[in-house]
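As structure tokens, the structure follows; a few thoughts come after it.
Nothing fancy with the numbering, it's 1 onward along the sequence.
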Amino acid sequence: MARWAIAIHGGAGVDPNLPVHRQEEAERVLARCLQVGVDMLRSGAAALDVVEAVVRELETDPCFNSGRGSALTRAGTVEMEASIMDGHGRRCGAVSGVSTVRNPVSLARRVMDKSPHSYLAFDGAEDFAREQGMETVENSYFITEENVGMLKLAKESNSILFDYRIPLAEAAASESHNNGGMVMNGLPISIYAPETVGCAVVDSSGHTAAATSTGGLMNKMTGRIGDSPLIGAGTYACGHCAVSCTGEGEAIIRSTLARDVAAVMEYKGLPLQEAVDFCVKERLDEGFAGLIAVSGTGEVAYGFNCTGMFRGCATEDGSMEVGIWE
């Protein structure tokens, strides 16, 4: 019997001035969602079921950037994306451009389980969700008053806002300093803190799974697709490990970050934490990102090259932690 383990994240790159009450709120949500996974694993649940259930919980709470509370496009709408992967047989499913499906991660799983494809997007994904009888809501369900205000700020500064959870006044003040001139593909970035969510699990049978879900970037172009739904970039699972990434999607895509962790374990023979450290240090070039991972033998690891990452982990031996900073 393998040892089970679980890791979750709520985004890498946290503004160091994030108010304490918001840090505490994020930690409470992480702890609650982590406990959902722990309870399932203790009862013998399969890794795939656990990652779906945990990410559904994260999508339902507006604290992070997935499901309800997702970032807004330039047009003021929500376009969500998610992926899920079963390390046992490397089956996968992914969706992009979802605007009415209450839990995109479950639609990604339905694509994997009930369609002949691995990836559906926009109208095709929405039509498939309705064919499958999945719960849908109006796009307005996902939009919060706070996000409307942050989109206005982003448009006024012609920038892409990452951390839209800090108060508007503080975000505006930070923007006035142009964040040290940081840019993404030539456009200024206000504050770096993408809050994609994800989960990586190995169950007591030694099977791994990973899932990732996001609303993307605040003020992103309509139709933009990040790393979260891309197998091998934002999500990957195999016999060696399961990985979920978060951060600057364009950099994660270029580096195929999630798959690289598994590859260096397989081809270089590195243990999990060393593989994570190597990929975060060597594969991101000038990009900023973080990731969580579990191995097929029950290890947990994480890494990031920016300030902080919302995260939590637990293992069968009773260890459990939730944190933000180093």
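Interatomic distance, Gln35 CD to Ile8 CD1, rounded to the nearest 0.5 Å: 10.5 Å. Atom CD in Glu81 sits 8.0 Å away from atom OG1 in Thr196 (nearest 0.5 Å). Distance CD1/Ile231 to OG1/Thr256: 12.5 Å, rounded to 0.5 Å. Of the inter-residue distances, the one linking Phe122 atom CZ with Ile225 atom CD1 reads 5.0 Å to the nearest 0.5 angstrom. Atom-to-atom distance recorded for Cys92:SG and Asp86:CG is 10.0 Å, nearest 0.5 angstrom. Here the CD atom belonging to Glu266 is positioned 9.5 Å from the SG atom belonging to Cys241, to the nearest 0.5 angstrom.
Shown here is Arg90, whose CZ atom has no more than 12 heavy atoms of other residues, nucleotides or ligands within 6.0 Å. Counted within 6.0 Å of CE on Met221, heavy atoms from surrounding residues, nucleotides or ligands total 12 or fewer; the atom is thus considered open.
Put simply, the side chain of Ser228 never gets that close to the backbone of Ala82: no donor and acceptor are under 3.5 Å apart. A side-chain donor-acceptor contact under 3.5 Å links Lys220 to the backbone of Glu79. Side-chain atoms of Thr144 come within 3.5 Å of backbone N or O of Asn147 as a donor-acceptor pair. Side chain of Asn103 to main chain of Val105: no donor-acceptor pair is present (N/O by atom type, distance under 3.5 Å, no hydrogens or angles). Looking only at distances, no side-chain donor or acceptor of Glu248 sits under 3.5 Å from a matching main-chain atom of Ala289. Side chain of Asn65 to backbone of Ala71: a donor-acceptor contact under 3.5 angstrom is found. A donor-acceptor pair is defined here as one N or O able to donate and one able to accept, closer than 3.5 Å; no such pair exists between the side chain of Asp227 and the backbone of Pro229. At least one donor-acceptor pair closer than 3.5 Å links the side chain of Ser255 to the backbone N or O of Ala251.
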task = Walk me through it: do His9 and Ser244 pass the test side chain to side chain donor-acceptor pair (under 3.5 Å)?
result = CA-CA 8 Å; His9 72 74; Ser244 176; 2.9 Å; yes

inquiry  = Using side chain to side chain contact (heavy atoms under 4.5 Å, CB included), reason through Cys313 and Glu321 one step at a time and then give a plain yes or no.
reply    = CA-CA 6 Å; Cys313 64; Glu321 68 173 81; 3.5 Å; yes

message = For Cys245 and Thr212: C-alpha separation, side-chain torsions, deciding distance, then whether side chain to side chain contact (heavy atoms under 4.5 Å, CB included) applies.
response = CA-CA 8 Å; Cys245 299; Thr212 310; over 6 Å; no

query = Run the side chain to side chain contact (heavy atoms under 4.5 Å, CB included) check on Glu326 and Phe304 step by step: do they pass?
reply = CA-CA 9 Å; Glu326 290 287 356; Phe304 51 92; 3.7 Å; yes

Side chain to side chain contact (heavy atoms under 4.5 Å, CB included) assessment of Asn219 paired with Leu72 = CA-CA 6 Å; Asn219 199 31; Leu72 305 182; over 6 Å; no

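Across all non-hydrogen atoms, the minimal contact from Leu58 to Cys33 is CD2-SG, 3.7 Å. When all heavy atoms are compared, the tightest approach of Asp49 to Arg109 is OD1-NH1, 2.6 Å. Between Gly247 and Ile252, the shortest heavy-atom contact is N-CD1, 3.8 Å. The two residues Tyr236 and Ala210 have their closest heavy-atom pair at O-CB, 3.7 Å. Shortest non-hydrogen contact noted between Thr208 and Gly296 is CG2-CA, 4.1 Å. A pairwise comparison of heavy atoms in Gly249 and Arg224 identifies CA-NH2, 4.0 Å as the closest pair.
Hydrophobic clustering places Met320 together with Trp325 (ILVMFWY residues linked when any side-chain heavy atoms are closer than 4.5 Å, directly or through intermediates). Under a hydrophobic-cluster definition in which Ile, Leu, Val, Met, Phe, Trp and Tyr are linked whenever side-chain heavy atoms come within less than 4.5 Å, directly or via other members, Met218 and Val98 are assigned to the same cluster. No chain of hydrophobic side-chain contacts below 4.5 Å, direct or via other Ile, Leu, Val, Met, Phe, Trp or Tyr residues, connects Val300 to Val50. The cluster map of Ile, Leu, Val, Met, Phe, Trp and Tyr, joined by side-chain heavy atoms under 4.5 Å apart, puts Phe310 and Val201 in the same cluster. Under a hydrophobic-cluster definition in which Ile, Leu, Val, Met, Phe, Trp and Tyr are linked whenever side-chain heavy atoms come within less than 4.5 Å, directly or via other members, Ile292 and Val322 are assigned to different clusters.
Under a 4.0 Å N-O distance rule, the pair Arg68/Glu59 does not qualify as a salt bridge. Ion pairing between a basic and an acidic side chain is recognised when a charged N comes within 4.0 Å of a carboxylate O; Asp203 and Arg3 show no such pairing. Remark: Arg102 does not engage Glu138 in a salt bridge, criterion side-chain N to carboxylate O under 4.0 Å.
Checking Tyr119 against Ser96 by side-chain atom types alone, a donor-acceptor pair falls below 3.5 Å. With no hydrogens or angles considered, no side-chain donor-acceptor pair links Thr214 and Ser66 at under 3.5 Å. Side-chain contact check for Ser295 and His240: no donor-acceptor pair (N or O, by modelled atom type) lies under 3.5 Å. Judged by distance alone, the side chains of Arg130 and Thr100 do bring a donor and an acceptor atom under 3.5 Å apart. Counted by atom type alone, Arg110 and Ser115 present zero donor-acceptor pairs between their side chains at under 3.5 Å.
Counting heavy atoms from C-beta outward, Met85 and Arg91 have side chains that stay 4.5 Å or more apart. Side-chain atoms of Thr297 and Glu299, non-hydrogen and from C-beta on, do get closer than 4.5 Å to each other. Taking the side chain as every heavy atom from C-beta outward, Leu230 and Ser83 never approach each other to under 4.5 Å. Side-chain atoms of Arg283 and Phe278, non-hydrogen and from C-beta on, do get closer than 4.5 Å to each other. Between Asp61 and Val29 there is a side-chain heavy-atom pair separated by less than 4.5 Å. Inter-residue side-chain proximity for Val95 and Val111 is flagged as met; some heavy-atom pair is nearer than 4.5 Å. Counting only heavy atoms from C-beta outward, the side chains of Leu48 and Glu52 never approach each other to under 4.5 Å. The shortest side-chain heavy-atom distance between Glu126 and Ser99 falls under the 4.5 Å cut-off.
Annotation: cation-pi geometry satisfied between Arg311 and Tyr302 (NZ/CZ under 6.0 angstrom from ring centroid, within 45° of ring axis).
Between Cys199 and the choices Leu34, Ile6, Ile84, Thr235, the side chain to side chain contact (heavy atoms under 4.5 Å, CB included) rule is met once, by Ile6.
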